[in-house]
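This report refers to the structure that appears directly beneath it.
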2 protein chains.
Amino acid sequence: MSPRRRGDLEPARRTSAPVFAALGDDTRLSLVAKLSDGQRHSITRLCLGSALTRQAITKHLRVLEGARIVRSVRSGRESLFELDPAPIRQVRTYIDSVSEQWDRALSRLKSFVEDGAPGQG
Amino acid sequence: MSPRRRGDLEPARRTSAPVFAALGDDTRLSLVAKLSDGQRHSITRLCLGSALTRQAITKHLRVLEGARIVRSVRSGRESLFELDPAPIRQVRTYIDSVSEQWDRALSRLKSFVEDGAPGQG
DNA sequence: TCAATATGCAACCAAAAGGTTGCTTTTATT
DNA sequence: AATAAAAGCAACCTTTTGGTTGCATATTGA
C-alpha cells in the first residue's frame, strides 16, 4: 500500500523539519543557549549581547515560539521567555534514528562485501 | 575578556546553524532519509516519490551539499549523491551539550529551591 | 500625575528561498 | 548516426526571512 520501506523515520520527519528550521539560525541558536540556563528571561535581557534591534530579537523569539522550542509568559510590563526542552529532545531522537539506520545499512554493506558479492561501485 | 560564561556551546554554534538550516526542510529531510541507506543515488532516482521537478530536487541536493551533509560524484552521465554522516553527528553532539546544560541548570535550580532560598518566581 | 521602561504593532525593504519553464550539453544505447 | 536519458544552466517568478524605523500602549516608580 503506502510506501513504507525502511525504518519509521517518515512520520517524525514532518514534525522535525520546523524545529530544525527554527534552530537553523545563529541568532536563534544563541537565544537557545542563553535560555538553556533553565530560567526565564525578558526580551530586553535577551537583547543584551546582540547588535540587532529589540524587534529583530523579538521576531526570532516568535519563530522559536512557533516551533514550541520556547514559551512566553507575560509578567507585568515584561514578557518572559523560557525554554521547552521537549522539541529539541524530539529532533535528537530523530537524528539518532537516522544515524542508527545509516550505521545498520553500513554494516550490512560491509558483510555483503566480505561475502565477496559482485561489484558494488 | 571575551564573554565566555557557561559551557562551550558557543564555538560549535556557528558551525551547527547551517546544518540545522539545511535540515529544516521536509523535502531535504526526506532526501536525507533516502540517502541514509548508505548507498549512492542518482538525481532521477532521488526524484522518484516526489511531486517536485528534478531541478527543484537538484537545488535541495546542492543545499545539502553546501552544508556537507551530502557529497556528489559524477559517474558517466549521472551524478551520484551519498550521505556524509559527520555533520549530522556534529549537530547531535551540539544538541546533547544544550540538553546537558539545561539538565544541570535544572538540578541546580532544584537544590536551590530545596534549600529554601528566597522567591524564585 | 509624569517620566521612564518594556513591549507591541505596522509598514516597509532587500535579499534569499523555493519553485517553475525552456534549452543546452554530455553520455548511453541501438 | 540518431535517439534517448541524465543532468546542467539560466532566467524568471512569488513568498518568506531577516531586518529596519516610527509610533502606540501598558506598566512601574518617583
Side-chain angles (χ1 to χ4, degrees), chain A residues 13-14 16-35 39-83 87 119 121, chain B residues 13-14 16-35 39-83 87 119 121:
Chain A
R13 198 180 62 217
R14 279 214 144 70
S16 290
V19 181
F20 280 125
L23 295 176
D25 179 280
D26 190 61
T27 303
R28 288 196 293 266
L29 271 192
S30 86
L31 288 170
V32 167
K34 286 180 183 174
L35 289 168
Q39 291 183 301
R40 297 173 169 171
H41 297 269
S42 73
I43 296 182
T44 28
R45 174 106 84 96
L46 292 170
C47 284
L48 277 187
S50 171
L52 300 183
T53 340
R54 173 179 56 87
Q55 287 85 343
I57 299 287
T58 302
K59 280 194 182 180
H60 283 298
L61 286 169
R62 297 305 173 195
V63 171
L64 289 171
E65 195 176 25
R68 312 270 167 159
I69 295 171
V70 130
R71 257 188 312 266
S72 74
V73 242
R74 192 76 191 241
S75 163
R77 66 177 152 184
E78 55 194 356
S79 76
L80 302 176
F81 284 79
E82 64 181 349
L83 193 76
Chain B
R13 197 180 63 218
R14 281 214 144 68
S16 290
V19 181
F20 280 125
L23 295 176
D25 179 281
D26 189 60
T27 303
R28 288 196 292 266
L29 272 192
S30 87
L31 288 170
V32 167
K34 286 181 183 174
L35 290 168
Q39 290 183 301
R40 296 174 169 171
H41 297 269
S42 72
I43 294 182
T44 28
R45 175 106 85 95
L46 292 170
C47 285
L48 277 188
S50 171
L52 299 184
T53 337
R54 174 179 55 87
Q55 288 85 345
I57 299 289
T58 302
K59 281 192 182 181
H60 283 298
L61 286 169
R62 297 304 171 193
V63 171
L64 288 171
E65 195 175 25
R68 313 270 166 161
I69 296 170
V70 131
R71 258 189 311 266
S72 76
V73 238
R74 191 79 191 238
S75 163
R77 67 174 152 184
E78 53 194 357
S79 77
L80 303 175
F81 285 78
E82 65 182 348
L83 193 77

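Letters A, B, ... mirror the listed sequences (proteins, then strands); counts begin at 1.
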Check whether more than 12 heavy atoms from other residues, nucleotides or ligands sit under 6.0 Å from atom CZ of Arg13(A), and answer yes or no.
->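 Check passes, neighbour count above 12.
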What nucleotide, of [options], holds the atom closest to the side chain of [X]?
X        : options                  : answer
Leu52(B) : dG19(D), dG8(D), dT20(C) : dT20(C)
Lys59(A) : dA11(C), dG8(C), dA7(D)  : dA11(C)
Ser42(A) : dT7(C), dG19(C), dG18(C) : dT7(C)

Hey, is the side chain of [X] pairing donor to acceptor with the base of [N] inside 3.5 Å?
X        : N       : value
Arg54(A) : dG8(C)  : yes
Arg77(B) : dT26(C) : no
Gln55(B) : dG22(C) : yes

Give Arg45(B) one of three labels, base, sugar-phosphate or nothing, depending on what nucleic acid heavy atoms sit under 4.0 Å from its own.
->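 Nothing, no nucleic acid heavy atom in range.
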Which part of the nucleic acid, if any, lies within contact of Ser79(A), taking any heavy atom under 4.0 Å across all strands shown: a base, the sugar-phosphate backbone alone, or nothing?
->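 Counting heavy atoms under 4.0 Å across all strands, the contact made by Ser79(A) is with sugar-phosphate only.
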Does [X] have a side-chain nitrogen or oxygen under 4.0 Å from the phosphate oxygens OP1 or OP2 of [N]?
X        : N       : value
Thr44(B) : dA7(D)  : yes
Arg28(A) : dG18(D) : yes
His60(A) : dG19(D) : yes

Heavy-atom donor-acceptor pair, Ser50(A) side chain to Cys47(A) backbone, under 3.5 Å =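 Such a contact is absent between Ser50(A) side chain and Cys47(A) backbone.
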Rounded off to whole Å, could you give me the CD1-to-P distance for the Ile43(A) and dC9(C) pair?
-> 11 Å
Step by step, work out the side chain to side chain contact (heavy atoms under 4.5 Å, CB included) result for Leu29(B) and Phe20(A).
-> CA-CA 10 Å; Leu29(B) 272 192; Phe20(A) 280 125; 4.1 Å; yes
